[in-house]
Amino acid sequence: MYEIVRRHLGKVVAGAAMAVTGTAVMVGITLPGNAGAEGPRGNDLAGGRTAASAPPGSADAAGTAPEPATLATAPPEGAKGVGTDPLTDDELKRAEALALTPPAASAQRDVEGGRGPQHLATELADPLPEEIDKPGSPRRAEVRFYDYGRNELITRTVNLETGKLEHAGAQRGVQPSAHPEELREALELILASPLGKGVREDYKDATGKALTSPDQLWFNGDVYRTYREAKVPAELAACGEHRCVRLVTKILNGSWIDTRNLIVDLSDRTVTRVG
């Protein structure tokens, strides 16, 4: 069993280390068990034990199925959180609405070029120094947007008790992690680009079907950091000031498609090959 697992994992590592040349390269990686885009499932290998290593007398060692799990109903979520509780759904909606102050917001642009800035994240803000450990302190939310019209990160802190905007700031050259909506737009730009031909061909080879929508792929990614690269193409020199992302993609319940050499400048809406 050890030898089989060792050989299998060796193949996974070898497949993941394939060099990227020419068009997009299909990387066929078979993970242990039923692992997919969400990662390994169950506890074979990933959990550090198998049926063979189960303690004597356990359900695994006896070869019998464990008792079925009991699902508990989650308690209802209130409209407001308390203290350092995570923001509730109602608070998240309220915070974003309070942070989108007109008329300035209507002049800003989201990742698709639409009116209003691109929402990135909303988090519970730290209390003021004099409010720490003080009962009944107001809860605040920090909301981050990106204005693609000016390539600016916008940060606004709102008081959820009073409904007032307490702090607002804008920065250029600051690139926090990408939002799923930005990653989806990047994938759409890749598929519409001539450089996406290899991705479409790899999908067709693997499935026999045409790749026409991001919904046919699992994808993830993050901001492209030029300082981590040995050589940056001239077309990507503005990344850092511009919003640029790199994706990893996978056929749903299937093989990986290597798109790491395709960088999307969301500000200019262009796709460039690196490496």
- Query: What pairs meet the disulfide bond (SG atoms under 2.5 Å apart) rule with one or both residues in residues 229-275, with sequence neighbours excluded?
  - Reply: C239-C244
- Counting distance only, does the side-chain N/O of D110 pair as donor-acceptor with the main-chain N or O of R115 below 3.5 Å? no
What pairs of donor and acceptor atoms, side-chain ones from residues 160-170 against any protein atom, are under 3.5 angstrom apart with sequence neighbours left out?
unit_1: T162; atom_1: OG1; unit_2: K164; atom_2: N; d: 3.3
unit_1: E166; atom_1: OE1; unit_2: R140; atom_2: NE; d: 2.6
unit_1: E166; atom_1: OE2; unit_2: N159; atom_2: ND2; d: 2.9

- Evaluation steps, salt bridge (charged side-chain N to carboxylate O under 4.0 Å, His left out), between R144 and E142: CA-CA 7 Å; R144 292 193 294 275; E142 182 180 274; 3.2 Å; yes
- Item | Electrostatic pair K231-E229, nearest N-O below 4.0 angstrom | no
- Message: Can you tell me which residue among R269, R109, E182 is in a side-chain hydrogen bond (donor to acceptor under 3.5 Å, both in side chains) with Y148?
- Response: E182
- Item | NZ or CZ of R184 within 45° of F219 ring axis and under 6.0 Å | no
- Message: Under a 3.5 Å distance rule, please check whether Q108 uses its side chain to pair with a backbone N or O of G149 as donor and acceptor.
- Response: no
- If you draw a 6.0 Å radius around CZ in R172, do more than 12 non-hydrogen atoms from other residues or ligands fall strictly inside? yes
- Message: Side chains of D265 and T270: any donor to acceptor distance under 3.5 Å?
- Response: no
- Query: Hey, is CZ on R225 packed in by over 12 heavy atoms from elsewhere, all under 6.0 Å?
  - Reply: yes
- Message: Test side-chain contact (heavy atoms from CB on, under 4.5 Å) on V245 and L266; report intermediate values, then the result.
- Response: CA-CA 7 Å; V245 298; L266 290 170; 4.0 Å; yes
- Item | Backbone N/O of L191 and side chain of R200: donor-acceptor pair under 3.5 Å | yes
- What closest approach, in Å, do T226 and L236 show between heavy atoms, and which atom pair accounts for it? CG2-O, 3.9 Å
